Amino acid sequence: MLDLMSFAVLPGLLVAAGALLARYGGAIFIQLAPLAPYLATVLAAAIAGRFRQTKLVLSCAALLLGYSLLVLPGALGGDGYRAAALYLPVALGALAAARERGLLNQSGLIRLAALTAPAILITALVAGHNGLPTIPLLSLTPRLGTTPVPLLAALAAAAALGTMLVQLARRRTPIEAGQAGALVAAMLAVYFAADRTALATLIATASVILAVAVIQNGYRVAFHDELTGLPGRRALRALEATLGDDYVIAMLDVDHFKKFNDTYGHDIGDQVLCRVASIVGKVAGGGQPFRYGGEEFTVVFPGRTVEQALPHLEAVRHAMATTPFEIRGPDRPPDKPEDGKPDSGKLAGGKHASKPGGRKTKPAAPPPPPPPPPVAPGARKLVNITISIGAAARTAEQPTPETVMKAADLALYRAKEQGRNRVST
């Protein structure tokens with residue numbers, strides 16, 4: 001819920017800012033407002049295209065086409081306004097529900113044509129060319145209460161917004177939040193269409209929301225691990241640059257993950273990593289969790305000592321060890337990988353990565369007992385997953401994050417040698 005709220009905050013603020021600017025904008029802004037939608041949509045489309053978000057490129061085109069329809073002479077109050085009011089939510093909702101297919105291909109060109117053709121027909125209707133008749137369905141549709149918005153357009157907007165919110169709950173990315181915010185701003189523009197300054201400002205706001213969503217999503221992809229959702233190593237390096245003189249770094253490793261992965265399959269192994277991330281992500285005491293790589297995680301405690309961080313690390317270890325993990329029988333045979341394929345060994349300095357031929361280097365600790373047999377398809381099994389933790393603080397002997405992390409890695413080795421499922425400092 002916090003992630004979803006954080007995605008929605010910025011679009012919500014932009015909608016509010018656009019509405020206030022449209023209502024209380026100065027004389028200079030009023031003169032420049034008609035240009036704002038064109039500049040904002042072109043800029044947003046360029047940003048979206050650079051990040052290969054072609055659905056948002058087409059959404060920018062839909063906003064610009066919708067704005068162009070609403071400012072046509074004679075559009076307000078007639079079928080042209082009703083058609084434009086319906087065009088925006090239908091176009092934005094259809095694009096939000098569609099899959100990403102690219103733009104410079106047959107699918108992309110078909111979508112572009114599907115966006116453009118209704119706008120051309122509505123333009124011809126408003127201009128009265130070729131004796132086009134009125135649209136009975138739009139002419140007869142009632143308005144939404146005392147507002148000028150046609151009821152049909154309001155229903156289409158509600159359906160589109162519901163679709164976007166469902167996608168936001170499922171995918172949890174800023175893209176869906178941006179699409180929902182742009183739709184709200186666009187429908188506010190329809191409501192205030194009689195005020196040309198407000199109309200231009202809100203359409204421009206919708207485009208800016210899409211651009212911000214693309215940038216937010218780019219940050220998420222660059223700094224967060226796709227599998228677990230935790231910040232990744234790039235985010236860890238950014239935090240290290242801001243640490244002061246007192247901090248603790250802890251390295252966490254899933255015990256026997258290689259054997260577990262080979263026994264139950266990589267899909268179950270990914271589920272294990274997600275479970276570990278969900279528990280590590282709840283670390284208290286000011287700890288900031290990261291996925292370091294493979295089955296390793298990192299927690300940084302800025303401004304803390306080892307004594308202050310230790311109880312919170314122990315709480316994470318205890319929660320992990322006492323939370324059963326249910327293994328369901330996989331759909332595919334749970335055979336081990338063939339010899340010669342790379343395993344999922346450590347990524348931190350290759351601590352015990354596999355040798356060619358699939359053989360492991362000799363571990364420092366005695367070899368663990370063989371893993372339990374694979375779970376048969378359709379069967380279920382509860383297992384306990386444990387983690388080992390090594391923690392170290394900045395000192396005069398280890399004054400940099402790199403040296404502190406190396407000391408934490410050595411402490412992690414010690415926890416492994418002492419039997420695993422423990423915290424070492």
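Starting from 1, each residue takes its place in the sequence as its number. Note that these values count all heavy atoms, side chains included, but never hydrogens, waters or copies made by symmetry. Just so it is clear, the structure is predicted and the values come from calculations on it, not from any experiment.
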| said: Whether Arg233 engages the ring of Tyr292 as a cation-pi pair (distance to the six-membered ring centre under 6.0 angstrom, angle to the ring normal within 45°) should be assessed. | reply: yes
| Leu92: which of Leu210, Leu58, Leu183 passes side chain to side chain contact (heavy atoms under 4.5 Å, CB included) | Leu183
| Thr323 side, atom OG1; Ile279 side, atom CD1 - distance, nearest 0.5 Å | 4.0 Å
| said: Given Thr386, which partner from the list Asp255, Thr322, Asn421 fulfils the side-chain hydrogen bond (donor to acceptor under 3.5 Å, both in side chains) test? | reply: Asp255
| Can you find a pair of side-chain heavy atoms, one from Met405 and one from Leu236, that are under 4.5 Å apart? | yes
| Salt-bridge contact Arg237-Glu240 (side-chain N to carboxylate O under 4.0 Å) | yes
| field | Beyond-backbone contact of Val316 with Leu252, side-chain heavy atoms, under 4.5 angstrom | value | yes
| request: Check whether any side-chain heavy atom of Arg304 sits under 4.5 Å from a side-chain heavy atom of His312, and report yes or no. | output: no
| task | State, to 0.1 Å, how close Pro231 and His224 come at their nearest heavy-atom pair, and which atoms those are. | result | N-CD2, 3.8 Å
| task | Would you give the length of the straight line joining atom CG of Asp246 to atom OG1 of Thr305, rounded to the nearest 0.5 angstrom? | result | 8.5 Å
| request: Please test Glu417 against Arg414 for salt bridge (charged side-chain N to carboxylate O under 4.0 Å, His left out), starting from the C-alpha separation and ending with a verdict. | output: CA-CA 5 Å; Glu417 293 172 352; Arg414 191 176 304 113; over 6 Å; no
| said: For Phe51, I'd like to know if atom CZ has over 12 heavy atoms of other residues, nucleotides or ligands within 6.0 Å. | reply: yes
| field | Ser424 side, atom OG; Met251 side, atom CE - distance, nearest 0.5 Å | value | 13.5 Å
| request: Could you tell me whether the side chain of Val221 reaches within less than 4.5 Å of the side chain of Glu226, counting heavy atoms only? | output: no
| Residue pair Leu88 / Leu70, side-chain heavy-atom distance below 4.5 Å | yes
| message | I need the Lys55 NZ to Arg111 CZ distance, nearest 0.5 Å. | response | 7.5 Å
| field | Residue pair Gln53 / Ile47, side-chain heavy-atom distance below 4.5 Å | value | no
| message | Quick one, Tyr67 and Thr41 - any side-chain contact, counting heavy atoms below 4.5 Å? | response | no
| query | Does Leu243 reach the side chain of Arg394, with side-chain heavy atoms less than 4.5 Å apart? | reply | no
| message | As an exercise, state the distance from OG of Ser207 to OH of Tyr38, rounded to the nearest 0.5 Å. | response | 11.5 Å
